[in-house]
Amino acid sequence: MSTSYDHKAVEAKWQDRWEKQRAAEVDLRHARGKYYMLMMFPYPSGDRLHVGHGRNYILGDALYRFLRMNGKRALNPMGWDAFGLPAENAAIQRGIHPKDWTLGNIKVMKEQFRRWGILYDWSKEIASCFPEYYRWNQWLFLRMLEKGLAYKKMAPVNWCPSCRTVLANEQVVEGACERCGTPVVQRDLEQWFFRITDYADRLLDGLDQLEGWPEKVKVMQRNWIGRSEGVEIRFEIPALSESVTVFTTRPDTLHGATFMVLAPEHPLTPRLIAKHPDRAGIESWIETVRNTPRIQRSAEETPKEGRDTGSVAVNPATGEEIPIWLANYVLPEYGSGAVMAVPAHDARDLAFARQEGLPIRLVYHPEDRNVDPATMTEAILHEGVIRNAPPFDGAVDGPETIGRFIEWLQKNGWGQGKVAYRLRDWLISRQRYWGTPIPVVYCDKDGMVPVPDGQLPVELPYNVEFTGREGNPLSRSKEFVETKCPKCGGPARRETDTMDTFVDSSWYYLRYLSPRDPARMFDPELANHWMPVDQYIGGIEHAILHLLYARFICKVLHDFGLVGIEEPFQNLFNQGMITRYSEKSGRIEKMSKSRGNTVSPDELIEEMGADTERVYTLFIGPPEKEAEWSDEAVAGAHRFLQRVWRMLERLPEAPPTAPADAELERDRHATIQRVTHSLQRFSFNTAVASLMELSNSLFRALEEKTASRLRCEETFDTLVQLLHPMAPHVTEELWERRGYTESLLESSWPELDESKLRRERIHLVVQVDGKLRDRVEVDASADEKEVRAAVLASPKVQEHLGGREVAKAVLVPGRLINLVTRKSA
RNA sequence: GCGAAAGUGGCGGAACUGGUAUACGCGCUAGACUUAGGAUCUAGUCCCGAGAGAUCGGGUUGGGGGUUCGAGUCCCCCCUUUCGCACCA
């Protein structure tokens with residue numbers, strides 16, 4: 001019967017010890033050298049964490065331990081993104097107050113982290129739902145309000161008539177309210193915004209500096225910002241003595257604009273349809289379009305619908321009068337909410353023109369430009385092709401043509417260059433309780449008045465009612481709503497909207513540095529010393545929203561003169577998801593509670609230990625890629641740790657002297673080199689593989705008694721040290737049992753001696769004409785001449801040469817030699 | 001449709017800047033120890049062919065072409081998959 005180690009006892013022992021010696025907390029003010037790493041800010045959701053969630057925490061902890069053993073000052077803080085919708089839903093469904101629910105979840109999550117053996121510096125702990133934290137959201141809001149970066153305006157929102165509340169886009173499922181199934185309508189409400197569009201160019205340009213970010217995330221952000229350069233062109237509407245401006249990136253197709261399309265919401269619409277015989281019909285159609293949720297309206301499957309206003313505009317290039325239409329596919333918020341329709345060169349305009357029987361006119365001939373000739377034939381036949389119209393001057397296509405057009409339009413006073421963005425201002429107000437109250441009050445006399453800094457924080461009242469109906473519970477709290485105007489002292493009402501939780505997470509990394517500071521949002525001196533964050537680990541789901549908002553707020557704080565940096569996160573790592581077969585769907589899917597394919601860490605830890613889970617999670621595959629969880633393969637990680645454990649008992653069996661010492665020593669150093677390199681590149685899976693190899697070598701040496709006791713012990717110690725970031729508990733225990741009194745975590749990473757990697761005799765691969773034919777052993781110092789002589793002495797090589805002459809020999813030192821025979825000319 | 005990444009054994013995956021393809025693990029096969037084992041250990045395990053045999057020959061990184069003494073890796077074309085964007089004018 002072989003001994004197996006009691007992982008439960010070992011893990012409990014070290015988890016207790018780590019908890020007690022929290023002294024490892026970094027003294028930020030006195031730490032010399034900087035290595036500020038690993039940012040996380042999880043949401044305490046109440047669902048038990050599963051092994052899929054464990055991946056990024058385990059990854060981060062392994063990295064943290066590795067850095068620390070390498071003498072780096074690493075900071076590993078943890079805090080809670082504690083506001084959010086699930087807490088409020090829990091209150092509605094189960095009658096638990098969001099605060100109590102959240103704090104309970106935090107406790108559970110902390111216990112799970114402890115059981116994974118994860119070392120967080122809890123002295124830096126923050127939670128966004130505490131007034132000590134969110135008062136600085138309010139402070140930031142007031143500063144942004146002063147600078148015009150926060151503002152209020154009417155905006156269309158998703159409104160559930162039954163719940164009487166605003167819904168986030170994510171809460172609208174197929175056009176209906178996620179909770180009650182009532183069709184959602186579009187409604188205009190006064191909303192608070194942050195002017196992120198002012199920063200569009202800087203957010204875009206900043207990406208080029210972020211070399212430590214995955215290209216994928218940068219591309220996603222670039223698409224989201226969606227900068228496009230184009231032109232604004234004015235079209236006169238003679239009947240109204242007005243003009244309408246369109247935005248286009250293709251001014252060179254202006255001659256082909258045969259009609260114009262406005263968003264139904266366009267400000268000129270009422271005047272354009274004023275004299276229309278079916279005005280009422282059009283107005284009711286407009287209402288339908290307005291009530292369509294935005295997501296549905298801008299889906300490609302949605303059929304194009306339009307109405308002719310009966311009014312006309314003048315195409316400045318041709319002088320022709322063209323009809324003005326309204327259509328659902330033109331969005332009011334992009335560009336100027338109006339387009340010149342060029343059906344010959346735009347797929348959407350073409351579809352619409354065909355549907356409504358509007359004229360199609362070619363500007364470019366199919367031979368000039370990428371136009372589908374088949375679809376264009378009818379246009380050519382009916383309208384002909386406009387070429388050599390000014391300012392073509394016979395030239396065709398390309399950016400130069402467009403450039404000339406812009407100049408020409410400008411000269412004629414018809415238009416000018418303009419940049420349009422897809423990015424919209426950030427809507428930060430939520431009609432919800434569980435969030436940061438927006439610090440303004442409304443006074444009948446003074447209007448909207450910001451809350452003075454001295455009266456911050458505006459605290460959330462605890463005693464409110466959660467009915468799930470009638471919208472925001474905050475607005476029914478008299479205690480909260482009724483207040484005094486800071487200006488005149490008269491009666492006033494508080495703003496009851498709260499902030500989007502992304503505001504909380506957009507600056508938390510700065511608060512980690514001085515979490516209890518009562519006087520400031522953060523300490524600029526510490527921020528300048530420790531920022532930017534060296535390593536950020538998180539899921540790809542944050543690629544746009546959170547990471548864009550955090551970059552934006554960082555730039556805002558920079559402009560306020562509070563921090564020197566403009567980019568908060570230097571290196572970003574996106575771990576891949578863990579997948580598993582789901583009985584429900586019969587497919588391999590992302591591990592999640594709703595799919596019923598989760599693996600509980602509790603049971604796994606009970607059965608095989610946290611170290612096993614950690615090693616397997618890291619070994620499963622490249623951490624940036626998706627990986628499929630295999631219940632069987634976990635056992636392999638467990639066997640590996642058991643093997644390492646058993647070797648401790650066998651060390652004394654090794655002989656005092658033995659022949660293969662040098663070989664084991666070389667393996668040891670090769671492993672140090674490989675593991676160190678692997679961990680530097682986040683390649684945890686190959687690091688574990690290398691350690692398994694070293695373990696196999698040592699095991700064999702012990703079995704066959706080919707290495708001395710001292711050598712075996714030294715190899716074992718190195719193995720344990722290198723394994724520590726992945727399997728911290730069992731390695732600490734083994735280290736202690738080896739007689740070391742200092743904690744393994746405090747020991748320093750094994751040193752690589754490159755001279756030990758060298759061999760005296762090396763195996764060289766011999767190729768003849770690029771094909772592997774033999775291996776020869778030569779002195780490591782042998783020069784080409786000697787190698788050649790040794791190789792030619794091989795009977796196998798001679799056989800394959802078959803008497804042919806060696807025309808050329810390519811020697812790759814230490815690896816191979818390729819003998820090239822002359823090829824038939 | 002546009003953009004990005006990737007295609008290697010039965011499976012997860014190795015191969016750093018072109019240099020022994022399939023490391024490591026899972027699974028599988030045979031054996032050992034055992035009352036028994038999903039425990040442990042030993043040997044084997046890319047495919048085809050020859051041989052009793054250690055071995056020997058040939059082929060193989062989605063398909064096709066190219067560069068090179070040499071290509072999983074670089075270049076071109078095609079196929080497939082995954083992800084992101086998608087009425088943005």
Side-chain angles (χ1 to χ4, degrees), chain A residues 1-4 214-220 222-224 226-228 230 246-250 253 261 263 297-304 327-331 333-342 345-349 351-352 420-424 540 543-544 576 615-616 619-622 624-637 639-640 642-643 646 673-674 677-678 680-681 683 685-693 695-696 699 703 763-775 796 807-821 823:
Chain A
M1 172 109 180
S2 64
T3 52
S4 80
E215 201 51 44
K216 183 181 175 166
V217 175
K218 290 194 272 188
V219 168
M220 282 167 77
R222 281 191 195 106
N223 289 342
W224 187 262
R227 183 191 149 100
S228 60
V246 303
F247 174 77
T248 179
T249 53
R250 293 292 308 279
T253 62
V261 191
R297 175 161 161 196
S298 60
E300 204 171 7
E301 310 85 66
T302 308
K304 291 179 176 38
N328 60 349
Y329 75 94
V330 176
L331 306 172
E333 32 331 77
Y334 186 78
S336 56
V339 301
M340 60 176 211
V342 185
H345 303 291
D346 182 281
R348 297 155 308 195
D349 296 342
F352 193 70
Y421 300 89
R422 167 188 256 128
L423 184 71
R424 306 282 142 72
I540 188 75
I544 297 176
V615 168
Y616 178 64
F619 184 60
I620 192 167
E624 68 279 8
K625 273 184 64 183
E626 239 181 39
E628 191 192 337
W629 187 269
S630 154
D631 297 308
E632 286 161 331
V634 183
R639 276 198 283 271
F640 165 57
Q642 293 287 6
R643 239 162 110 95
R646 279 197 304 274
Q673 187 179 45
R674 289 215 299 269
H677 186 225
S678 290
Q680 282 162 353
R681 311 185 287 149
S683 183
N685 54 328
T686 56
V688 173
S690 302
L691 289 168
M692 286 172 167
E693 281 184 78
S695 151
N696 291 344
F699 191 85
E703 192 78 4
H763 289 274
L764 213 60
V765 164
V766 187
Q767 296 181 336
V768 176
D769 290 330
K771 282 194 194 251
L772 174 74
R773 292 305 180 192
D774 199 8
R775 291 177 178 84
K796 266 193 207 165
K808 186 177 161 188
V810 182
L811 177 70
V812 183
R815 284 187 182 271
L816 60 73
I817 182 163
N818 188 9
L819 304 177
V820 185
T821 65
K823 281 176 184 160

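Bear in mind the structure is a predicted one, so any value in this text is a computation, not a measurement. Lettering of chains follows the sequences in order, A, B, ..., and the numbering in each one begins at 1.
- Contact annotation for Arg643(A): backbone-only contact, meaning every heavy-atom pair under 4.0 Å involves sugar-phosphate atoms and none involves a base.
- Using a 4.0 Å heavy-atom cutoff across all strands shown, Arg773(A) reaches sugar-phosphate atoms only and no base atom.
- G1(B): Watson-Crick or G-U partner is C85(B), with both key distances under 3.5 Å.
- The side chain of Val820(A) has C69(B) as its nearest neighbour among U42(B), C69(B), A89(B).
- Put simply, Lys771(A) has no side-chain N or O that comes within less than 4.0 Å of OP1 or OP2 on A71(B).
- Checked by distance alone, Asn223(A) brings no side-chain donor or acceptor within 3.5 Å of a matching partner on the base of C85(B).
- A donor atom on one side chain and an acceptor atom on the other are not found under 3.5 Å apart for Asn328(A) and Thr302(A).
- No contact: Lys218(A) has no heavy atom under 4.0 Å from any strand.
- Using a 4.0 Å heavy-atom distance criterion, Ala633(A) is classed as a sugar-phosphate-only contact.
- Pro303(A) comes within 4.0 angstrom of a base, heavy atoms only.
- Using a 4.0 Å heavy-atom criterion, one finds that Val330(A) contacts the bases of the nucleic acid, with or without backbone contacts as well.
- To the nearest angstrom, P of A89(B) lies 12 Å from CE of Met340(A).
- The shortest distance between the side-chain N/O atoms of Arg422(A) and the OP1/OP2 oxygens of A89(B) is not below 4.0 Å.
- Using a 4.0 Å heavy-atom criterion, one finds that Thr302(A) contacts the bases of the nucleic acid, with or without backbone contacts as well.
- Inter-residue side-chain proximity for Trp224(A) and Leu423(A) is flagged as met; some heavy-atom pair is nearer than 4.5 Å.
- As judged by a 4.0 angstrom heavy-atom cut-off over every strand, Arg297(A) is placed among the base-contacting residues.
- Using Watson-Crick or G-U wobble geometry with both donor-acceptor distances under 3.5 Å, U29(B) finds its partner in A43(B).
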